[in-house]
Each structure stands twice: as structure tokens, then as C-alpha cells.
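So that the names make sense, note that chain A is the first sequence line, chain B the second, and so on, each numbered from 1. Below, each value reflects all heavy atoms present in this structure, side chains not excepted, and no hydrogens, waters or symmetry copies.
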Amino acid sequence: MELNLQMLSIIGAAVAVSFGATGPALAEGRAIAAAMDAIARQPESAGPLSRTLFVGLAMIETMAIYCLVIALLLLYANPFIG
Amino acid sequence: METSPLAPDILFHLGPVPISLPVVTTWAIMAVLTALSWLGLRRARVHPGALQTALEIVVETLAKQVTEIIRRDPWPYLPLLGTLFIFLVFANLSAVVPGMKPPTGHIETPAALAAIVFLSVHVFGVRSRGLLDYARRYIRPNPLLLPLNVLSEITRTFSLMVRLFGNMMSHEFVIAIVVFLAGLLLPIPFMLLGILIGIIQAYIFTVLAAVFIGAAVGSVEA
């Protein structure tokens, strides 16, 4: 079996998504755990906390979405394939 | 599944201008929202009917949320932010209607919305602080950071666009794959998840736009 450019692109896309999802998943888990802890301590501050949590999660998630964009570029708009 | 999510699907041509499916969906959503507002506020009264009450609740909740984020009078910013949120909720949830696809799942619509946010942030900032004071924001805390500040303007707009696009588009993909694997009942929980994702993404987009505007008018740090 010979590795050509298309197969390498598919493998690259899979690797990009899998590794790109791992880091943000760990980070989001830590952020949510910290927010839950804070809400459990101070239930009255749940409103501002959850809003900040959502904004922070969106920021963390951006990393995963960048990897998704790279994977999509590799699969659908690859500059090295025809 | 075979078509690329980055390529537009052209429905018809209006003269030389190609009209794609997301544009038509956007027009339909705009028509529905306009009709809803017109119906609700055709005879606005102090003792409102059901629809007017619902609209007032929506607007006042949005105003309260925006006030909490930018910590000043929300009404100059509410026409933009409220319209963004309501439009995004309708656009992200349009997949619930059979045969419709969310226009935010193609890259043009999020790109246009992010461009609107990008421009309006500067307009609001200059209007509330003056040009010089607003421009001074970029050399703070140190003129050495000017390139980084400019770069962060660009990347945060880009990530605003890609976040919305990536979430909606990837959800469409997941639904398509699940339908391909097991047709009848399995997609339903994923579709329920899609409703949640759509509303959360609309909320995040609006909150981030509000945070950017709040940072530009100088009331909050971001």
C-alpha cells in the first residue's frame, strides 16, 4: 500500500481533530469543575459566574474549532491536491 | 455528505448575482421576524396583549443581560445586540423546520455577522470615547504591544466567525452521519442536542459581541 497525498491528508485531518479535541476537553472539564465548586460555595453568584464560564468555554473551544478548520481545509480545500 | 461545507450551494441566479440557499433562508427568517414584530406592535398599548407581552419580556431580558455585561445604559447597544441574538436563535433553530438548513452552517453568514460586530465595536468605541482616546487603547499598557493588540482584534473576529460556523456545520455533519448509520430513532437525541447547541451558540456570540463593545467603550476589561 502506497501512501499518497490524499491518504496523508485524511490521516492528518484525523490526527488534527483527535489531538485538537483532547486538550480543550481537559481544559473545559477543569473550568466547569472550578465553576461548579464556586457555585456550590456561593450559590448567589451563579449568574455572573455562569456567564463568565460560558465566555471562557467559548474561548477554550476556539482551539478545538481551529483544529476542526484545519481538518476541513485538509479534506475539502487542500491546496496541494488538484 | 459529498458536498464540501465550504462551497456555497447556489439555488438560482439573479442577473449576474448567484443566490445561495443560506441567503434565501436568511430572507425568510428576516420576513418572519419583521412580521412578528409588526403583528405584536401594530397596536402597542399600555395594557398589552399576549404577543406584545412576550416581545416586551424578550426585550427587557436582553436589556438586563446587556446591562450586566457592559455596566452602563444598554439602549444604544441593544438594537444591534438584541437583533443579533434573536436572529441567531431563529437561524440556528431553523433546522427544526423540516427541509430548512441553518444559514449559520455556511461560512458566509457568520462571516458577515462577525464583520458587522468588528465594525460596530470601533464605531461605538470612537463615538463614546473620541478618536484619540480610543486609539490610545492600542498602545496600552506599552507601545511595544501594538502589534499584538492589532493581531488580537483580527483573531478574535476570526474566532467569532469560526466558532459559530464550526459548531453549526459540525452538528449538521454529525446528524448526517448518524442518519447514515441508523435511520429512524437514533438521530432524535442528537437533534435535541442541536437545539441546545443552537441557543448556546447564539448566546455566546451575543455575549462576546457585548464584551467586545464593553471593552471598546471602556466600561469593562476584556
Quiz prompt | Heavy-atom pair of closest approach, residues Ile200(B) and Phe54(A) | solution =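 Taking every non-hydrogen atom into account, CG2-CE2, 4.1 Å.
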Practice problem: Identify the two heavy atoms, one from Gly166(B) and one from Ile65(A), that lie closest to each other, and give their separation to 0.1 Å. | Solution: CA-CG2, 4.4 Å
Exercise. Select, from Leu75(A), Leu73(A), Leu68(A), the one with the greatest count of heavy-atom pairs under 4.5 Å involving chain B.
Key: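 When all of Leu75(A), Leu73(A), Leu68(A) are compared, Leu68(A) has the most.
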Report the distance from atom [atom1] of [X] to atom [atom2] of [Y], rounding to the nearest 0.5 Å.
X	Y	atom1	atom2	answer
Asn167(B)	Glu61(A)	CG	CD	4.5 Å
Met59(A)	Arg163(B)	CE	CZ	6.0 Å
Leu72(A)	Ser170(B)	CG	OG	8.5 Å

Exercise. Determine whether more than 12 heavy atoms belonging to other residues, nucleotides or ligands lie under 6.0 Å from atom CZ of Phe190(B).
Key: no
Self-check item: More than 12 heavy atoms of other groups within 6.0 Å of Arg137(B) CZ
Solution: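 Correct, the count exceeds 12.
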Practice problem: Examine whether an atom of Tyr203(B) lies under 4.5 Å from a heavy atom of chain A, and if so say whether it belongs to the side chain, the backbone or both; otherwise answer neither. | Solution: side chain
Quiz item: Going by the angle between their ring planes, with limits at 30° and 60°, are Phe173(B) and Tyr76(A) parallel, tilted or perpendicular?
Solution: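 Taking Tyr76(A) first and then Phe173(B), their aromatic rings stand perpendicular (interplane angle over 60°).
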Exercise. Begin with the C-alpha distance, continue with both residues' side-chain angles, and end with the deciding distance and a verdict on side-chain contact (heavy atoms from CB on, under 4.5 Å) for Thr62(A) and Val162(B).
Key: CA-CA 8 Å; Thr62(A) 309; Val162(B) 169; over 6 Å; no
